[in-house]
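Below, read A as the first sequence line, B as the second, and so on, with proteins coming before strands; counting in each chain starts at 1.
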Amino acid sequence: MMKLKKNVVGQLVLLASLGTAASFAQAQELRFMCSTDGNECEVIDELVTRFEQENEGVDITVDIVPYKSIQENLPVQLAAGSGPDIAKVTDLGGLSQYYLDITPYVEADYWEQSFGDILNWYRKSADDKGIYGLHSQLTITGGYINRTLFDQAEIEPPAADASWEEWAEAVAKVADATETPYLMAMDRSGHRIAGPAISDGAKLFADDGTPALVDEGFTRFVTKFVEWNNNGTMLRDVWAGTGGDTYQDAAQEFISGSLVYYYSGSWQVGKFDSEIGDAFDWQVVGTPCGEVACTGMPGGAGIVGFSSTEQPEIVGKLLDYLAREDNYAELTARTRNIPAHAAVAAKGVDYEGASAPAAAALNAWGKQVEKVSPVAYAYQGYKHNRAMFGITMTRVSQAIVGELSIEEAMERATADLEQTMAEVESK
Amino acid sequence: MARMISYCMRIIEIPMLYLQKRLGISRLAWVFLLPNLLLFGLFAFLPVVLNFVYAMTGSDQILLQDRTFVGMGNYQTLTSCEDFLNPNSCKDDLFWRAVYNTFWFVLLQVGFMVGFALLTALMLNSKIRARGFFRSVFFFPVLLSPVVVALIWKWILQREGLANAALEGMGFDTINWLLDRHWAFFWSVFISVWAHMGFYTLILLAGLQAIPRDVYEAASMDAASPFRTFRRITLPLLMPTMIVVLVLSLIKSVQTFDEVYAFTGGGPGSATTLLIQYVYETGFAGTPRLFGLASAASILLAVVLVILTCLQLWASRRNVNG
């Protein structure tokens, strides 16, 4: 009887210890939701594997999902409290309420020195000093030209400080000389049009910091843009070809050589490099100047942890590991991105294996970072900027197709923003 | 095997006999209905109730406890207009643009579809060569996914598509079909008619074949002209089927979303934005997600659909009663 009791107790102890071990092992499991974008998720996965090797017992599963899942499903999952531990996100401010503050687990000074103002893009408010995300992919909007067409037309591209009007004139001459069907195109995106609008004087925020989409500068660029869409300077298909706030680009027209000037952003480098090949020469020309600046919009994606995680320390450690200078430099170089890390940017990135045009383009984009206006940084960091992007797309498109006059479109945009702010603030 | 089944039945019989004893034979029906009622309640009735609740709340938050009660505020936003015939005078002009687009879309799509379906059914009911082949041809688009239909026509009508290649080949100027508001709307109606006509043709064909042949023989003996035969015999006898087709196509037309969304994205501007797309974009695709406004719009749409469904029930009963 005694022996039986001992056996039972022994088995219970064994079971309990196994259970503890199992729960300990389980406690180290994390899920990382990463959206497919070039090779970024694959490179992150490799770095994560190295992190796992350095931290025994940690098991991080990188779930590679379509970008739409990050946009549409992740916010719902987070609201329901069933999201992943970590994710790569692009709506940096919009999801800030769910972010985990990793300050207790990282060296805050290093992060402040390395990422500076970009950390604000992840913060909930101006008073917030927490550290929430690693900006893994810095992007800048701006223009590309088909350099071969300029050379064929024997026209020198306008200088770096040339205005939109000068570019439009030069591009028209090139298209005319080379019989190229499309002159200029800009991605259908509220983010894309923001840079030129800021360059033309759009402030986007009132003096008290509240959002104010429509002002003189914004209206000035929209007026120009609508006119260009209707007189053939801009490829009308991009903005007028669809409705609502649907994104549309003109990359295929540029790749096929039928577009002289394309206003998009740094993330197109990899695609152009692989798909254009040696069909023609292309060049990054930054953002043309407006009345007050020559700024593009910064942007990109970042890796964040969520406050719902059961392993905040591991999440913090992982983000700190990825932010280490050597790891960040490797991530940037292998994914062909512009570094957001000050020290990595200062030393320059050796885009190993990149073709000459791609390396030149990436370095040209890197130089555009210093031209970015503080208004553009503030707009990118504003947590409801996506609502403002959507309003811009919808109303500007309506003005282009003639449903609304520019004046009506601007009035509607103002009213839309008021309604949106009322909704998001009624909590 | 039979013994096995009999054994299983006996196992089930025990609790059922107990329930019958406890509840009585008349209440036992509820026990059989319970699984279905639970599923219906969870997946159909509860979402409808939630929709009504969301329609009376504001904010971009998903969870009800994070939302604010706004009463009829969302309905007021949707229905406040200085002039209902001018969307620009409405507070939510995009909703009213969607309402007008849907109204014209339904009117034109149902009108053309029923008309063409009738013509096609009459043609397929006559003694033509390869009748079976043509019946399949007209029915084929019904089998296609709406997104496939949209993409096929998008490729045909885009700037460098087949339609423009044909125009260019014939020496005409090309047309940007999908960039012009009126053309885009026309083609949206056209592809919708093309995609769904086969289904209604089939129903009308069945209706035509149900008309007794001897009536036509009598008309023929009286030397009635084909037009008079159609007007005095075919049309009146086909009318019950026509009404069913009309109401069914009306309901389906009001619900149109996928093919037009994939075809034009609601553009250019908002020229082809229909009500369901408005609901989808307001509640799910746009930022912020205005669930309250989307729910209120969907309830207004549901009212229209309920009216149309009642009309269909009335038509069906009238059909059955002769």
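Note: B:Thr264 leads B:Leu63, B:Thr264, B:Asp92, B:Thr57 in heavy-atom pairs under 4.5 Å with chain A. Ranked by heavy-atom pairs under 4.5 Å with chain B, the first of A:Arg386, A:Glu411, A:Met393, A:Met388 is A:Arg386. Looking only at heavy-atom pairs under 4.5 Å with chain A, the residue among B:Leu94, B:Thr77, B:Val70 that has the most is B:Leu94. Among the candidates B:Gly267, B:Gly58, B:Gly269, B:Gly265, the residue making the largest number of heavy-atom pairs closer than 4.5 Å to chain A is B:Gly269.
Other residues, nucleotides and ligands place no more than 12 heavy atoms under 6.0 Å from the CD atom of A:Glu407. The number of heavy-atom neighbours closer than 6.0 Å to OH of A:Tyr247, taken from other residues, nucleotides and ligands shown, is above 12. The local environment of CZ in B:Phe45 is sparse, with at most 12 non-hydrogen atoms from other residues, nucleotides or ligands closer than 6.0 Å. For CZ of B:Phe185, the number of neighbouring non-hydrogen atoms (other residues, nucleotides, ligands) closer than 6.0 Å is greater than 12. Within a 6.0 Å radius of CG in B:Asp173, other residues, nucleotides and ligands contribute 12 heavy atoms or fewer. Other residues, nucleotides and ligands contribute more than 12 heavy atoms inside 6.0 Å of the CZ atom of A:Phe205. Crowding of B:Phe112 atom CZ: a count of heavy atoms from other residues, nucleotides or ligands under 6.0 Å not exceeding 12.
Counting only heavy atoms from C-beta outward, the side chains of A:Glu403 and B:Pro268 never approach each other to under 4.5 Å. Side-chain atoms of B:Thr68 and A:Glu423, non-hydrogen and from C-beta on, never get closer than 4.5 Å to each other. Looking at heavy atoms from C-beta onward, B:Arg289 lies in side-chain contact with A:Glu72 at the 4.5 angstrom threshold. B:Pro288 has its side chain within reach of A:Thr420: a pair of non-hydrogen atoms, C-beta onward, lies under 4.5 Å apart.
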With salt bridge (Lys or Arg N to Asp or Glu O under 4.0 Å) as the test, would you mind laying out the steps for A:Arg395 and B:Asp93 before giving the verdict? CA-CA 11 Å; A:Arg395 298 308 182 183; B:Asp93 67 318; 2.9 Å; yes
Worked check of side-chain contact (heavy atoms from CB on, under 4.5 Å) between A:Gln97 and B:Gln61: CA-CA 11 Å; A:Gln97 60 179 310; B:Gln61 297 295 299; 3.7 Å; yes
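Separating the CD atom in A:Gln398 from the CZ atom in B:Arg97 is a distance of 5.0 Å, to the nearest 0.5 Å. Between the CG atom in B:Asn176 and the CG atom in A:Asp237 there is a gap of 5.5 Å [rounded to 0.5 Å]. Taken from CG in A:Asp245 to CD in B:Glu281, the straight-line distance is 6.0 Å, to the nearest 0.5 Å. B:Thr287 OG1 to A:Asp91 CG: the interatomic distance, rounded to the nearest 0.5 Å, is 6.5 Å. To the nearest 0.5 Å, atom OG1 of residue A:Thr242 and atom OH of residue B:Tyr261 are 7.0 Å apart.
For B:Thr272, no part lies under 4.5 angstrom from a heavy atom of chain A. Only the side chain of B:Ile62 comes within less than 4.5 Å of a heavy atom in chain A; its backbone stays farther off. If you measure heavy-atom distances from B:Ser270 to chain A, the contacts under 4.5 Å come from both the backbone and the side chain. Only the side chain of B:Glu160 comes within less than 4.5 Å of a heavy atom in chain A; its backbone stays farther off. Heavy atoms of A:Leu404 lying under 4.5 Å from chain B belong exclusively to its side chain. Interface remark: A:Gln71 contributes backbone atoms only to the contact with chain B (heavy atom separation under 4.5 Å). Contact of A:Val396 with chain B is not made at all, since no heavy-atom distance falls under 4.5 Å. Interface remark: A:Leu78 contributes no atoms to any contact with chain B (heavy atom separation under 4.5 Å). For B:Phe69, no part sits under 4.5 Å from any heavy atom of chain A, backbone or side chain. Heavy atoms of A:Ala415 lying under 4.5 Å from chain B are absent altogether. For B:Ala184, no part lies under 4.5 angstrom from a heavy atom of chain A.
Smallest separation of non-hydrogen atoms from A:Arg412 and B:Asn88: NH2-O, 2.5 Å.
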